[in-house]
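For reference, the structure is listed below as structure tokens.
Just so it is clear, the model here is predicted, and its values are computed rather than measured.
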Amino acid sequence: MVDMSLLAAFVAAIFVLSITPGPDMMFIVAMGGRGGSGMGVMAAAGVACGMLVHACAAALGLSALFGALPVLYHVLRWLGAAYLLYLAVRAFRDRSVPGDEDAAVDGADGRRTGPGPRRAFWQGMITNLLNPKVIMFNIAFLPQFVDPGRGHLPLQLLVLGVTGVVVGFCVDGTLGLLSGRLSRALRRSRRLARGLNIFSGTVFAGLAVRLAVTPR
């Protein structure tokens, strides 16, 4: 099993990394600000699920494929950038206001068109899964806290990965909850709501460009 001293060091390191502003944090803040606390927390949950998939992949050795086949890394990188640009376009075109039920319903068929918690979850998960830098992070970071002398290397990697997911969700979920309070002010001002949609779109577009232009 994992050495407890290494696990403690890993928790401290992952906590510091989790509170450091990055793409996932910006995504969660943008989603929580647009849709409220519930949407922010669901976005954080989606990111956490994406991290869990990456952790399982690292434990199974699948992440090493990116070292053997670099083209896979670049394919995933461009897919991630394209998806973030798609989210940016949706945010720029969004005219709904958090808490305004009328703005979230299409009068033609009665379906809700505004972003919801379920959509926030899937967007958070897909955004994380399509970020190859998370995979490279697992390859470079997790093995530093593994003790080969204890054996069961895949199990050690899995324990570390799951621990990282839990710590990350605690930080991101709290951030999503707090950023969701912005939606209360948005309900009183359509201009402010529109401004935050533009801000969200700018964040998504910026993350897409960052992912596209930074190979590693």
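- Across all non-hydrogen atoms, the minimal contact from M31 to A43 is CB-CB, 4.0 Å.
- One hydrophobic cluster, built from ILVMFWY side chains closer than 4.5 Å, cannot hold both L85 and V89; they sit in different ones.
- M25 and S18 get closest at one heavy-atom pair: CE-O, 3.2 Å.
- No donor-acceptor pair under 3.5 Å is formed between the side chain of D172 and the backbone N or O of A44.
- Shortest non-hydrogen contact noted between F121 and C49 is CZ-SG, 3.6 Å.
- Of the options L177, L178, V171, a side-chain contact (heavy atoms from CB on, under 4.5 Å) to T174 is made by L178 and by none of the others.
- Residues A88 and A205 come closest through the heavy atom pair CB-N, 3.7 Å.
- Contact record, I28 with S179: O-OG, 3.9 Å, taken as the closest heavy-atom pair.
- Separating the CH2 atom in W122 from the CG atom in L129 is a distance of 9.5 Å, to the nearest 0.5 Å.
- If you take CG on L130 and CH2 on W78, they are separated by 14.0 Å, rounding to the nearest 0.5 Å.
- For I14 against G164, the heavy-atom pair with the smallest separation is CG1-CA, 4.0 Å.
- For the pair M125/V47, no side-chain contact is recorded, criterion being any heavy-atom separation below 4.5 Å from C-beta on.
- With hydrophobic clusters built from ILVMFWY side chains whose heavy atoms lie under 4.5 angstrom apart, L7 does not share a cluster with F169.
- The structure places CZ of F10 at 12.0 Å from CD of Q156, a figure rounded to the nearest 0.5 Å.
- A single hydrophobic cluster is not seen to contain both I126 and V41; linkage of ILVMFWY side chains at heavy-atom distances under 4.5 Å, directly or through other members, places them apart.
- Summarising the geometry, atom CG belonging to N128 is positioned 9.5 Å from atom CZ belonging to F27; distances are rounded to the nearest 0.5 Å.
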